[in-house]
Amino acid sequence: MPELSYALDTLFALFAMTLIIFMVPGFAMLEAGLVRSKNVAAVLTVNTMIYAVASMFFLLVGYSLAFGSWENDTMSKWAAFLFQMAFVGKTVNIMSGGVSERVRIVPLMLFTVVMAALIYPIAVNLTWGANFLKGTALDISAMHDLAGSTVIHSTGAWALLAAILIIGPRKGRYTPNGTIRVFPASNIPLVVLGAMLLWIGWFGFNGGSVGSISSKESADAVALTIMNTNTAGLAGAIVVALVEYIRYKKFDITMILNGALGGLVAVTAGADIFDIYTPILIGAIGGLIVVFGVPFFDKLRIDDPVGALSVHLLNGVWGTLAVGIFADVSFFAQLKGVLVIGIFAFISSYVVLYAINKFVVFRIDAESETEGLDINECGLESYPEFTRTI
Amino acid sequence: MPELSYALDTLFALFAMTLIIFMVPGFAMLEAGLVRSKNVAAVLTVNTMIYAVASMFFLLVGYSLAFGSWENDTMSKWAAFLFQMAFVGKTVNIMSGGVSERVRIVPLMLFTVVMAALIYPIAVNLTWGANFLKGTALDISAMHDLAGSTVIHSTGAWALLAAILIIGPRKGRYTPNGTIRVFPASNIPLVVLGAMLLWIGWFGFNGGSVGSISSKESADAVALTIMNTNTAGLAGAIVVALVEYIRYKKFDITMILNGALGGLVAVTAGADIFDIYTPILIGAIGGLIVVFGVPFFDKLRIDDPVGALSVHLLNGVWGTLAVGIFADVSFFAQLKGVLVIGIFAFISSYVVLYAINKFVVFRIDAESETEGLDINECGLESYPEFTRTI
Amino acid sequence: MPELSYALDTLFALFAMTLIIFMVPGFAMLEAGLVRSKNVAAVLTVNTMIYAVASMFFLLVGYSLAFGSWENDTMSKWAAFLFQMAFVGKTVNIMSGGVSERVRIVPLMLFTVVMAALIYPIAVNLTWGANFLKGTALDISAMHDLAGSTVIHSTGAWALLAAILIIGPRKGRYTPNGTIRVFPASNIPLVVLGAMLLWIGWFGFNGGSVGSISSKESADAVALTIMNTNTAGLAGAIVVALVEYIRYKKFDITMILNGALGGLVAVTAGADIFDIYTPILIGAIGGLIVVFGVPFFDKLRIDDPVGALSVHLLNGVWGTLAVGIFADVSFFAQLKGVLVIGIFAFISSYVVLYAINKFVVFRIDAESETEGLDINECGLESYPEFTRTI
Amino acid sequence: MKKIEAIIKPYKLDEVKEALVEVGIEGMTVSEVKGYGRQQGHSELYRGAEYVVEFIPKVKLEIVVSNDDYLHRAIDAIKSAAKTGKIGDGKIFVLPVEHVVRIRTDEEDEEAL
Amino acid sequence: MKKIEAIIKPYKLDEVKEALVEVGIEGMTVSEVKGYGRQQGHSELYRGAEYVVEFIPKVKLEIVVSNDDYLHRAIDAIKSAAKTGKIGDGKIFVLPVEHVVRIRTDEEDEEAL
Amino acid sequence: MKKIEAIIKPYKLDEVKEALVEVGIEGMTVSEVKGYGRQQGHSELYRGAEYVVEFIPKVKLEIVVSNDDYLHRAIDAIKSAAKTGKIGDGKIFVLPVEHVVRIRTDEEDEEAL
Ligand SMILES: Nc1ncnc2c1ncn2[C@@H]1O[C@H](COP(=O)(O)OP(=O)(O)O)[C@@H](O)[C@H]1O
Ligand SMILES: Nc1ncnc2c1ncn2[C@@H]1O[C@H](COP(=O)(O)OP(=O)(O)O)[C@@H](O)[C@H]1O
Ligand SMILES: Nc1ncnc2c1ncn2[C@@H]1O[C@H](COP(=O)(O)OP(=O)(O)O)[C@@H](O)[C@H]1O
């Protein structure tokens, strides 16, 4: 029944794609909740425009670059495209979140164009795509990275690291006398809503990456992948909650959610090939990485308002390597993949960001940063009717 | 395998229907974010009750009127009903959004009954349904309107225009000396969340309207439809962002989202038959229409707090005509459909609204409007613990 | 085509499961909106951790206890697990919502472990699962409870009743002179968003409980179930709106939504076997039960901030019995099921809660309750930048 | 120098501000307050029961003026713009001020206003 | 005429209001403020680290009274209702008021209260 | 005893608070207000058109001091910490205070500060 299987796989890809698109409001709400209320509309605008610009340039340029051809026998080629298109914005979302509260929108959009049309497609080309380095020393197609612990999460987070190095921390965050000033999240319900939408989106992200559901094996693989994905998220949340409670007798929900997201990133590389208990360990370590990663970057004065480096970079690396440890996959292949993509993503992002920064400076001027990006970049306030506390 | 194809199409319809139901919170959040905080609960109540009342009366009366029969061979008739039921509330949502902040709930519900039981079913009957005018001079079944640029969006927006003419602008919005007073949106994250839920819902709206996914052709048609739908939204957002930036060096996120929605409305008539690049143009023009439509209606002192006339009326018309321009469909058939449905929807809505208004006046009294509809219509405040700024 | 039907049912289960997971943010937003702003983060943390802890212990212990075996022929066993796993947290959500604003997180998590590993799995075992009482006088497998009016909703709500009896009302709610102090919901848009996400999740909850979609009959059953589910929700909302309007000339949106939820709970037991009009009656009565249940419990000084006893307990019982009244099912079997599960759930929960309370007291100290749980349990404020009104 | 503190109905703020600007008052500070007085609060619904909200939203205006001329002009402007004749229109209080500084220029007293 | 400004703990507002009403005070204006004083703020968590919040939520009551009798009654009422004995109970300040107007009726001074 | 009311730019609060603490002021009360004055508000966008926001967010500090020494120290501290030299830096008002009570201890006047 090839026709029905084609139809079923098309529906499956569309279902998975739709879940991933829920990550657009997911990232938007998460970040809108985490930043100060004077920067909320800016963060929301950035998230909206990343989806628009990245998807458009992936359609016009990136997809062909990544995969060489649009042809597809097993499902509608449009569904296959949509599924891949749903990924591309995420790399920039990861990056934009970490530089929020101080970055102008226009240069960010210029970088989005380059990321969606070039950098990300090249990373995909090398791993899931046409592989123009096939057979060379840099061929990394042996890396098992189901849904992008490295290809998506690390790529986006390497770009973020490059961006933070160029743009610097938020004004007033690191005082001259060495203390770190706290800018609490302005809206916790939005943080939770956003994280949960991301979590749900992950089912589509990882499950859909199996690529087919129309045979018994593939159906099992999809369901196992989603189950393992979820399990790692659970473990990440639980471990962070335990650590926080032991330390402070309190449950910091923003860290717990970051722990869940860390677990989800970590399991993304190998969710399809682990047994059902391994993700508990992988997610738990993913959570721990977040707990220790966030203050670690702060100590280095690398200012990342949403914790994206710990969630996406450290856990992207951890998750990819974990496949080489816990599954029947060469650790060396995994490490090589991490390094090649890492070096490529960091250097190319740094160069592009540096070049853009020469023409259209990323950093907003100090007075506008104090006043808030909403008024200065978006021309409005996010909560104009609510009195802001002191 | 007729049985599996029946099952697959049923699942597909249920999937599409579910996505459309996400538009219920979508509209609710969008409008709750756009109005002033004193009218938020009223808008939310209206949205909730529209879903309840419109769906109930469509079940009891409207569906039979529209389609003549409940029978269905290709999928479960209950799934077919649910998919159609998911549409009906949208027409009233479009209308209610544009008269928010000044309209009482009871008369709005009376109109909802008539819309769901009569006006909308007749519009469907003429276009997608039993077509009781078949063969007459008013037969418009040749119009290609995949998912309702005309049948849904224009119908709702014509009703809105009729309602605004009867109800008038919000108090204090147009001052005697000719200036326009600004009532900024009270909660931008809700606006973004709502718009994104609508966007996702659109995938089900347009994709599901293909009607089947179980053959290779239909699977391709569904995937192409969703892809084109999305592309037009992207283009609408990008164009508005560019125009706003060129004008003000700022990105007004509420307009950008309206631009995306405008693009989505415009592509709704022909998403299944365009190639993959045409939606860029259609959506871009859709965005421009919003940018110029919103101040245009304001200049006419037609007070539409959410921009629904530009998004749904102008773009509904544009999108339907665009099919006659860019696809192999008679422009004349499209124009005729726009006119017949437009005249029918506007006149019938006007008459019904006028009649209701004689018995149960739509407009809330001035003092209650000043105090806010939440206290007077819903008996509560939406954010009672937050101090309102001056 | 057994393979395709396996694949299709797997996809269907994953689809249904995903919809149910939307109930996690659904409950979280609903409760975050209903409580006072000083307790919002605590409620969100509880909801997040319930999902994490309950799912983890169901994976490790509960699922085997409930079903005896993981094997499955008709769909991927992982998908079958995921679908069931999506249920478990709901029982605790129902309970935690009703004791919010005064309960510490640690003991609640201890109870979550017991509920997910023991109490709920036993309830499932007796009804949908391995049935270790098969053939005994307590065999209740004749009860028709499609998706858990009794197994889920009543079980959770019996636990809630036990918890309220042990923990007591919120400080200051019932004054010595007999009046009831009002603590209004802090954020109405969140309440609406949450309720609507729950509503959508219900489609997956009830529809998915049919267990298969791959034959014509099962496809019809699934679609009918979802249709009936929705209809009862509509009816619940409409009836409450009418009653409220007749009484106060106002539409209290929080009660309307509770009415919808009441209708949804009530129809959950028999949505697959009613004709399409019966759910109108069942939902309408469900709404009435909420309208009269909420003040009734308040009069008894049983303090349930979200109305969970009326929505889940009373309607769970009503819905289960309604199957015996309106469908071709033994009323006695239904009653017996309600009683056996009710007695089991209430007593076992009471004992467990009582025991936990001896070691780790549920109730937060009075000063922390006054100050708010957010600061004392989570170490942060939910809306730190917004001035709280007096 | 005197300080005027006026408690008014929130939706009257724009009119009062314009009336003050017209009589030459160029600076004022506004804040959101809640008032308790003769005016009965509106009733709200909570889960199927009605109750009365006791504290009513009001706006407080603070205006420091340099002399009695401005004082009377300001009071008259507020009185006429804020009056609706219904209970709850609010109050005007006048307090003595001993010293004023404009932070930007170090100007003092009358010159600082 | 005198104006009482009392800074109290937020959750004491209801009790203080009732105590004031009992001694015959029928009007007052309330606002939300933040206080800095001897009372230490609570500590909060931010991404895995603790820090102390310095400004503590307080409520400010403003009551204008017509004579010393009311003044003392009001002060006593506030003192007894707001006291917990723990640091941070707040302060009462008394300021002179020269003139009062009731906007609705144009009544002045003592009659306006 | 005197009461200082200072209207300052919101982001200057931390610096002003530290300056006050340095000169020995140990208690203060802060609130959020909106100011109208010479400073022009920023322009915002609304549906494709620009408009100007007239009321500008400010912070109001209230400090009661026991004597002129503290008064001058406080005023100087505020002046130097709050000044940016740009329009809108704000104003300082000084009002007489007749009586002070510390609720917790019943201490009065100078001792209550
Ligand atoms: N003695 C008072 N001290 C301080 N504020 C007062 C006093 N009396 C009234 N107010 C304020 O004035 C507002 C209006 O007073 P109210 O008695 O309701 O009406 P009216 O001013 O028309 O007599 C109150 O809401 C309160 O904010
Ligand atoms: N000198 C002052 N001027 C203005 N407000 C003050 C002053 N001192 C204290 N306050 C207010 O009173 C509150 C309580 O003061 P605090 O020193 O913490 O405790 P206590 O009143 O018990 O000594 C502070 O939070 C602040 O709002
Ligand atoms: N006469 C006044 N009475 C009360 N507050 C005033 C007065 N004049 C100015 N203010 C407050 O001081 C703030 C700053 O005043 P403004 O005229 O903008 O700048 P500057 O103080 O630099 O001259 C205003 O926003 C307002 O809050």
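Per chain, numbering begins at 1; letters A, B, ... match sequence-line order.
- Summarising the geometry of B:A219 relative to A:A7, their closest heavy-atom pair is CB-CA, 4.1 Å, with the distance given to 0.1 Å.
- Separating the CD atom in B:E244 from the OG1 atom in A:T45 is a distance of 11.0 Å, to the nearest 0.5 Å.
- Ranked by non-hydrogen atom pairs under 4.5 Å with chain A, the options B:I238, B:I226, B:I280 are led by B:I238.
- Residue with the most contacts toward chain B among A:N47, A:D374, A:I105: A:I105 (heavy-atom pairs, distance under 4.5 Å).
- The structure places CZ of A:F22 at 4.0 Å from CZ of B:F22, a figure rounded to the nearest 0.5 Å.
- Contact tally against chain A (heavy-atom pairs below 4.5 Å) for B:V222, B:N230, B:L257, B:I256: the top residue is B:N230.
- A pairwise comparison of heavy atoms in B:F15 and A:L14 identifies CZ-O, 4.1 Å as the closest pair.
- Taking a 6.0 Å sphere around CG of B:D275, one finds it holds more than 12 heavy atoms contributed by other residues, nucleotides or ligands.
- Heavy-atom distances place the side chain of A:M17, and not its backbone, under 4.5 Å from chain B.
- Using a 4.5 Å cut-off on side-chain heavy atoms (C-beta onward), B:I276 and A:W78 make contact.
- A distance-only check finds a donor-acceptor pair linking the side chain of A:E3 to the backbone of B:K216 [under 3.5 Å].
- The side-chain heavy atoms of A:V46 and B:F251, taken from C-beta on, include no pair separated by under 4.5 Å.
- Heavy-atom distances place the side chain of A:F81, and not its backbone, under 4.5 Å from chain B.
- One distance of note links CZ of A:F386 with OH of B:Y383; it measures 4.5 Å at 0.5 Å rounding.
- Atom OG in A:S37 sits 12.5 Å away from atom CD1 in B:I188 (nearest 0.5 Å).
- Residues B:V191 and A:L44 are not in side-chain contact: their nearest non-hydrogen atoms beyond the backbone lie 4.5 Å or more apart.
- Of the two parts of A:N187, neither the backbone nor the side chain holds a non-hydrogen atom closer than 4.5 Å to a non-hydrogen atom of chain B.
- The minimum heavy-atom distance between B:A223 and A:A79, with the atom names listed, is CB-N, 3.5 Å.
- Considering only heavy-atom pairs separated by less than 4.5 Å from chain A, the leading option among B:A221, B:A185, B:S186, B:A237 is B:S186.
- Residues A:S76 and B:L224 form no side-chain contact, since every pair of their non-hydrogen atoms from C-beta on lies 4.5 Å or further apart.
- Heavy-atom pairs under 4.5 Å with chain B peak, among A:A41, A:A42, A:C378, A:P25, at A:C378.
- Using a 4.5 Å cut-off between heavy atoms, A:I375 touches chain B through its backbone atoms (N, CA, C, O) alone.
- In this structure, chain B has a heavy atom under 4.5 Å from the side chain of A:M29, while its backbone stays farther away.
- Most heavy-atom pairs under 4.5 Å with chain A: of the set B:D220, B:L193, B:I213, this distinction falls to B:D220.
- Among the candidates B:D252, B:L8, B:I200, the residue making the largest number of heavy-atom pairs closer than 4.5 Å to chain A is B:I200.
- Chosen from B:G207, B:S214, B:G204, the residue pairing most often with chain A at heavy-atom distances under 4.5 Å is B:S214.
- The CG atom of A:L59 lies 4.5 Å from the CE atom of B:M227; values are rounded to the nearest 0.5 Å.
- Heavy atoms of A:I21 lying under 4.5 Å from chain B belong to its backbone as well as its side chain.
- Atoms CG and CE, from B:L234 and A:M49 in turn, are 9.5 Å apart once rounded to the nearest 0.5 Å.
- For A:L82, the part lying under 4.5 angstrom from a heavy atom of chain B is the side chain only.
- Contact of A:V40 with chain B is made through the side chain alone, with heavy-atom distances under 4.5 Å.
- For A:L190, the part lying near chain B is the side chain, with the backbone staying farther off; criterion is any non-hydrogen pair under 4.5 Å.
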